[in-house]
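Naming convention: chains lettered A, B, ... in sequence-line order (proteins, then strands); numbering from 1 in each chain.
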Number of protein chains: 2
Amino acid sequence: MPLSTADRSVVEPVIRRLSALRPLSSEARALLEYALLEGLQRAGSGEDLIAEGDPVDAVRVLLSGWLGRYKMLEDGRRQIVNFIFPGESCDAHAYLLSEMDHSIVALTPAVYAEIKRARFESLLANNPTLSEAFWCETLLSSAIQREWAINLGRRVALERVAHLFCEILERLRPVGMVDGNSCLMPVTQMDLADATGLSVVHLNRTLQELRAAGLVVLRERTLTIPDLDALKNAALYSPSYLRLYRTTEAVR
Amino acid sequence: MPLSTADRSVVEPVIRRLSALRPLSSEARALLEYALLEGLQRAGSGEDLIAEGDPVDAVRVLLSGWLGRYKMLEDGRRQIVNFIFPGESCDAHAYLLSEMDHSIVALTPAVYAEIKRARFESLLANNPTLSEAFWCETLLSSAIQREWAINLGRRVALERVAHLFCEILERLRPVGMVDGNSCLMPVTQMDLADATGLSVVHLNRTLQELRAAGLVVLRERTLTIPDLDALKNAALYSPSYLRLYRTTEAVR
DNA sequence: CAATTTGAGTAACCTATGCAAAGGCGCGCT
DNA sequence: AGCGCGCCTTTGCATAGGTTACTCAAATTG
């Protein structure tokens, strides 16, 4: 459903994120901003933005809320393979392939911009730097994807959840959604379980354990990390896969 | 170490794979072939081609042998996050980011081509279609990465191993390395364990179970699948993430 | 050809994680 | 206010999978 009232500031996270990857000219920013505002959409919690098997005809860029990229097995088992946070785009170049290999769901109410493929391509054609920024985003999300593989395959429950929390904090920070070491945690334990490859019950147990160890405070949909280094330690967290953000930012 | 004797046919898998993704002009093929033959290299089994933290200055394209993309935790736990098969490239655009977030090891003796970044970029600049083919490859490998996430997070041991075997067969087929439903399986059980997130012992148990069920025959480094549909069934295999190959091939 | 290494296969034991069931809390709806 | 429902939480129990340790065969080395 299109959005009637369009406050220009809704696109800010996108501009922030992309210009951290590549220095965007003010012209590029303006054109991008315009393209985004043109296609504003809302999704209710639980709604699929696009589903496995769908053809891809547009690029979606998230402005607010959390999305989940997920795949399902026939029997209903679900794995969230990545989160999508404000400022990130869903499938910047997915239209190069023939159809979606996974689905994207709104884990919270969400606002996003939909840019039609042709519109997007002409936008990039005139802005090589913008184009490169979008490609970097895609590569970054692959790097995150790889980190999730080792998280799922080799870390034990406590490490997995701790690692996920570290990552969320680090990914939310550059778009200004972290206050100190606190952020909103608007998703259900079921969602967290599906992201960490655990059962809801075991996720809950692990959460208790993290709380008991004083590593996380989680209440009223707010996550607070009293001692981030301690949590990173417990998570066997190595920032190299996200350092890619900052290094390129420094190059700016 | 550079390779002295260079038989032109070594690059065939690369040409085959890329032209399955996008129709390459004979000029593009020739230029690519030339660039590949220029930078032939060998790696011994167990040797790292590039390691986490290294800057990326070149693109590597595998011609023969198997590579493994992996990440390690401080305490030595290793996760192979993807395999790389002949004809596939390691990190076609990785140089857009600042450093490697993972390592790549030769799981068997391997022959590959190394193309310096500048050389690669000028090659692509003159061949938009070739460039698109390489991008498709990158996107395809992300799709595989996502499938690995659900494999590690939601499938049980038997399904995981079965799924891996199905995938290997389907990825080896387009480069002509599958004979009927048989292929070479040159890696150790340890490697398979690290790819499926299991311990070696449990991987071995699972292999026994697959054998006992008549789903796989594995001996003398050769994998044979008597009934591929049955194995896919046991694996809860859904081809949508690899169908991306064929559909785009059909478009050709 | 002995010495060594590497990989596959087993077994015993133990623990991390899954599963089923049930209760409590908070929130929106009527 | 009262109801229903989604979400969180807890408990008890079952089991998949990890760990350690050992054997055996085959490949590699000297």
Between CG of A:L223 and P of D:dC8 the distance, given in whole Å, is 14 Å

B:M190 atom CE, neighbour heavy-atom count above 12 within 6.0 Å: no

May I ask you to decide if B:E220's main-chain N or O and B:T222's side chain share a donor-acceptor pair within less than 3.5 Å? yes

What integer distance in Å separates B:L203:CG from C:dT10:P? 13 Å

Among the candidates C:dC19, C:dG9, D:dG18, find the nucleotide nearest to the side-chain atoms of B:S199. D:dG18

Nearest 0.5 Å, please: how far is CD1 in B:I80 from CH2 in B:W66? 10.5 Å

Would you mind classifying the nucleic acid contact of B:L207 as base, sugar-phosphate or nothing, using non-hydrogen atoms under 4.0 angstrom? nothing

Which part of the nucleic acid does A:G197 contact within heavy-atom distance under 4.0 Å: base, sugar-phosphate only, or nothing? sugar-phosphate

Axis-to-axis angle across the helix from C:dC1-D:dG30 to C:dT30-D:dA1, five pairs each end, nearest 10 degrees, ~ 50°

Side chain of A:E12, backbone of A:S9: donor and acceptor closer than 3.5 Å? no

Check every atom of D:dT19, D:dC8, C:dA8 against the side chain of B:V201 and return the nucleotide holding the closest atom. D:dT19

I want to check one thing: is the phosphate of C:dA8, taken as OP1 and OP2, less than 4.0 Å away from some side-chain N or O of B:N204? no

Would you mind reading off the distance between A:E220 atom CD and C:dC25 atom P, rounded to a whole angstrom? 16 Å

Answer yes or no on whether B:R60 is positioned over the face of B:Y112, meaning its NZ or CZ is under 6.0 Å from the six-membered ring centre and within 45° of the axis. no

Using whole Å, what does the distance between atom P of nucleotide C:dT15 and atom CG of B:L198 come to? 20 Å

For the student: nearest non-hydrogen atoms of A:R78 and B:R154, plus distance: O-NE, 2.8 Å

Indicate yes or no for a side-chain donor-acceptor contact from A:T206 to the backbone of A:L158 under 3.5 Å, with no hydrogens or angles considered. no

Of all the choices, C:dT17, D:dT10, D:dC7, which nucleotide is nearest to the side chain of A:Q208 once you look at every atom? D:dT10

What is the distance from CZ of B:R160 to P of C:dT17, rounded to the nearest Å? 12 Å

Are there over 12 heavy-atom neighbours, none belonging to A:D179, within less than 6.0 Å of that residue's CG? no

When the distance from CD of A:E209 to P of C:dA16 is rounded to whole Å, what number comes out? 9 Å

Counting the atoms with a prime plus P, OP1 and OP2 as sugar-phosphate, which does B:T188 contact under 4.0 Å by heavy atoms, base, sugar-phosphate, or nothing? sugar-phosphate

Which nucleotide sits closest to the side chain of B:R221: D:dG18, C:dC19, C:dG7? C:dG7

Using a 4.0 Å heavy-atom cut-off across all strands, classify B:R154 as base, sugar-phosphate, or nothing. nothing

Can you say whether a donor on the side chain of A:R205 sits under 3.5 Å from an acceptor on the base of C:dG18, or the other way round? yes

Hey, does A:R211 reach any base, or is it just sugar-phosphate, or nothing, if we go heavy atoms under 4.0 Å? sugar-phosphate

Would you indicate what B:V156 reaches in the nucleic acid, counting non-hydrogen atoms under 4.0 angstrom: base, sugar-phosphate, or nothing? sugar-phosphate

Mind calculating the distance between CG (B:D191) and P (C:dT6) to the nearest angstrom? 14 Å

Let me know the distance between CG of B:L152 and P of C:dT17, rounded to the nearest Å. 14 Å

